[in-house]
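Note that the structure is predicted; figures quoted are calculated from it, not measured.
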Amino acid sequence: MQRSRRRLSALLISLLACAIVLSGLSPVEAQAAPGPQAAAPSASVSDVSAAHPRLLASSTQIAGLAAQTGSDQPSADLRQRILRNADAILTAPAVSYASPEGGRALALSRTVLERSRTLTMAWELTADSRYLERLWSDVDAAASFPDWNPNHFLDVAEMSNALALAYDWGYSYWTDERRATLREAILEKGLTAALPVYTAPKTSNGPYLYLGNWSTRSDNVNIVVNSSMIISALAIAGDEPSSVVDDVLRFAVDSLRTGLAAYKADGGFVEGPTYWEYASLYALSALTTLKASTGGDYGLSNSPGLRATSSLGLAVVGPSGAPYNFGDSDWSGDANAVFAGLGAVYRDRNLLTTASTAPTTYNATLQLAWRDLSIVGQGGTTIKPDLDSTFSIGLTSSRTSRTDPLGTFVAFRSAGDPTASHQQLDAGDFGLQALGEEWAVGLGKDEATYDVEGMSLDKRFAYYRSSMQGHNTLTIDPFQVSTATTNTFSMLTRQSSPSQSFTVSDLSGVFRKSVTSWQRGVKLTKATGRVVVQDELKSDGRHDVLWSMHTKADVRVAADGRSAVLYQSGKRLLARIISTGGGQFSVAAASQLPGAPVP
């Protein structure tokens, strides 16, 4: 049974410098980035030169997958998982149309997409017609839906992607009539539905109720939708004479250039690990599909941020295997499919090797499609995370070892803009792992506030999980109506050496109504695994200050309240307040404080 989360808190009555130490006790091949290139030509269906199948991988690569699973152990492991999932789908009921709940039908689209990926791959591996016949029950039903809910266009994107993959990978099996059914649905309910967004004025909010004009933004929605439109257009290119196919392909490729700017030059992705994975899998699906279909990708893979983004997937996962999630993220930490896709796009055998070194928990179909043995060759080197990583999105991470599963790891939310997409009030938040356990945890997204259309930030950030109280940071005057603001915060200093690393950030603007200055520093001493979290505050008045760290561990606070020992899986972590003053630890539920306002 999963342990409930609790909060280790210290109430600090005066605004003086405060430092808290956390330390573990004994247990009871690189490639250069592509250089500048000339502007890429416009995308056109006339560039499609490959026969079916041509989505995600070349027809030659797809045709060889069955044999590959007999000679390559990572491929064999993926095959086993895929067939197990496919067999489970055989007895699952077919999907049926339902009115979008809360304006969305994304869960339905994702069900069809996951079944399409799994069952088409199972058929490629076994030639067992049961898999495609079962898939037909779903895609035929989806093709008959009145629409795929364009008011929330991610629903359209994922459903169109599902039918495109079914059409392309099952092309040789389907009858002409079935092909026509899928092709017409992709054209009318997918590609044609996208045109009003692409042709809307750039300054408009777009023609649909939700998600706005995603074609002009640099975020996960742009990347997912455009990638799906590229895949859908290329699936039926040459088979469908409508000019809509060519128009959408051109629009989508051009718009995806804007979307890929969401990846910063250092590989960071501001929306957090969940949306990093989501966007990356779609972007890589589009790029591998473009390459297989046309022989190129119109320069999209020249995005320096996409090329570097494997570093983010490595940096946020600690030695315990748990990721540091921030914002609305609740990612599992399994980046295997992203690494495999990056390896396929950039022909990097080290990334493909890294993708196969840990058990895959999901996305096995994508990982197998991208495991190209002509790239892997005799095998590459497993890439390990850097000891110290810094990202311009406002994230740093440090660890005592690149390989020791019992090493200490600390991640720090060093800068940010709470008004950006999928953010929370998390200035100064930190995550901590040591001795193979996660000690300081994040609570993830709040379903009550997640992506609620029209909800103001003030209301969203009043909910516990989205507020400063719901993070491993400070709250000023926690018993009063929140004085936290949505001001940006920034990193002041970042230093790393073989012996230690530390980050100092200026968080003054967050509580500007209460303090004139707030700086938080996080330091890791690498020889001992000792972590210091230090806050320095200045104010013209007197305020209560709450220091919080959320944990799943059992906590025993010393009689004087100045230290606490955390227990988890037979291991112990010592937390001490080393500053002078009247601060004391206590243990409380991870919820609003008694007397605090409840939204």
Side-chain angles (χ1 to χ4, degrees), residues 1-3 56 65 68-69 72-89 92 106-107 109-122 125 158 161-162 165 220 224 269 272-285 288 309-326 328-344 351-371 376 382-385 405 409 411 431 433 436-438 441-442 444-445 552 569:
M1 178 166 42
Q2 186 177 17
R3 287 177 292 229
L56 304 178
L65 288 176
Q68 179 175 312
T69 61
D72 176 61
Q73 189 58 50
S75 298
D77 294 341
L78 292 168
R79 171 194 168 104
Q80 184 178 30
R81 175 173 287 276
I82 291 165
L83 294 184
R84 183 166 63 246
N85 293 342
D87 289 342
I89 295 171
L106 190 54
S109 296
R110 286 180 173 171
T111 295
V112 180
L113 177 56
E114 179 57 30
R115 290 179 179 181
S116 186
R117 286 173 175 168
T118 301
L119 293 171
T120 54
M121 179 63 84
L125 295 176
E158 298 206 26
N161 197 331
L165 186 60
N220 78 89
V224 171
F269 196 84
T274 290
Y275 302 96
W276 167 80
E277 182 197 42
Y278 185 39
S280 297
L281 291 177
Y282 275 85
L284 296 166
S285 295
T288 52
T309 204
S310 60
S311 60
L312 181 65
L314 292 164
V316 298
V317 178
S320 74
Y324 173 68
N325 278 311
F326 61 90
D328 285 333
S329 287
D330 51 8
W331 182 51
S332 71
D334 182 352
N336 290 344
V338 175
F339 294 155
L342 288 168
L351 281 168
L352 285 170
T353 299
T354 303
S356 64
T357 54
T360 292
T361 57
Y362 55 97
N363 289 318
T365 296
L366 292 176
Q367 192 176 339
L368 181 57
W370 291 332
R371 185 168 172 78
V376 176
T382 300
I383 304 171
K384 300 298 182 183
F409 164 88
Q433 298 176 30
E437 304 293 335
E438 186 179 20
V441 303
K445 68 185 180 186
K552 293 180 286 186
S569 303

Looking only at heavy atoms, the pair that brings Ala122 and Ala86 closest together is CB-CB, 3.6 Å
*Mark yes or no for whether Thr354, through its side chain, and Ile383, through its backbone, hold a donor-acceptor pair below 3.5 Å.*
yes
When every non-hydrogen atom of Phe269 is compared with those of Phe326, the smallest separation belongs to O-CZ, 4.1 Å
In this structure, CG of Leu119 is separated from CD1 of Ile89 (nearest 0.5 Å) by 4.5 Å
**Request:** Please check if the side chain of Ser329 supplies one atom and the backbone of Thr274 the other of a donor-acceptor pair under 3.5 Å.
**Result:** yes
Strictly distance-based, threshold 3.5 Å: is any side-chain N or O of Asn336 a donor or acceptor partner for the main-chain N or O of Ala358? yes
Those residues at least two apart in sequence (or on a different chain) that pass side-chain contact (heavy atoms from CB on, under 4.5 Å) with Arg81 are Arg84, Asn85, Ala364
Sorted by chain and residue number, the ring-ring contact (aromatic ring centres under 6.0 Å, His included) partners of Phe339 (sequence neighbours excluded) come out as none
Contacts of Ser75 meeting side-chain contact (heavy atoms from CB on, under 4.5 Å) (sequence neighbours excluded), chain-then-number -> Gln68, Thr69, Asp72, Leu368, Arg371
Between Ser356 and Pro74, the two heavy atoms sitting closest are CB-CB, 3.8 Å
Main-chain N/O of Lys445 paired to Asp328 side chain as donor or acceptor, under 3.5 Å = no
From the list Leu352, Leu78, Ile82, Val338, side chain to side chain contact (heavy atoms under 4.5 Å, CB included) partner of Gln367 resolves to Leu78
Paired with Asp77, the side chain to side chain donor-acceptor pair (under 3.5 Å) test is passed by just one of Arg79, Gln80, Gln73, namely Gln73
Heavy-atom closest pair (Ser310 atom, Leu351 atom, distance to 0.1 Å) is CB-CD2, 3.7 Å
Closest non-hydrogen atoms of Trp276 and Ala335, given as atom of the first, atom of the second and distance, are CH2-CB, 4.0 Å
Those residues at least two apart in sequence (or on a different chain) that pass side-chain contact (heavy atoms from CB on, under 4.5 Å) with Ser285 are Leu56, Ile231, Leu366, Trp370
Measure from the side-chain N and O atoms of Asp334 to the backbone N and O of Thr361, and report whether any donor-acceptor pair falls under 3.5 Å.
yes
inquiry  = If we ignore hydrogens and angles and just use 3.5 Å, is the side chain of Glu277 paired with the main-chain N or O of Trp331 as donor and acceptor?
reply    = no
- prompt: Given the rule in the side chain to side chain contact (heavy atoms under 4.5 Å, CB included) test, do Tyr324 and Glu438 qualify, once you have shown the distances and angles that lead to the verdict?
  reply: CA-CA 10 Å; Tyr324 173 68; Glu438 186 179 20; over 6 Å; no
With sequence neighbours left out, the residues meeting side-chain contact (heavy atoms from CB on, under 4.5 Å) with Ser311 are Phe391
Smallest heavy-atom separation, Leu165 atom then Ser116 atom, equals CB-OG, 3.8 Å
Contacts satisfying salt bridge (Lys or Arg N to Asp or Glu O under 4.0 Å) that involve residues 111-122 (not counting sequence neighbours) are Arg115-Asp138
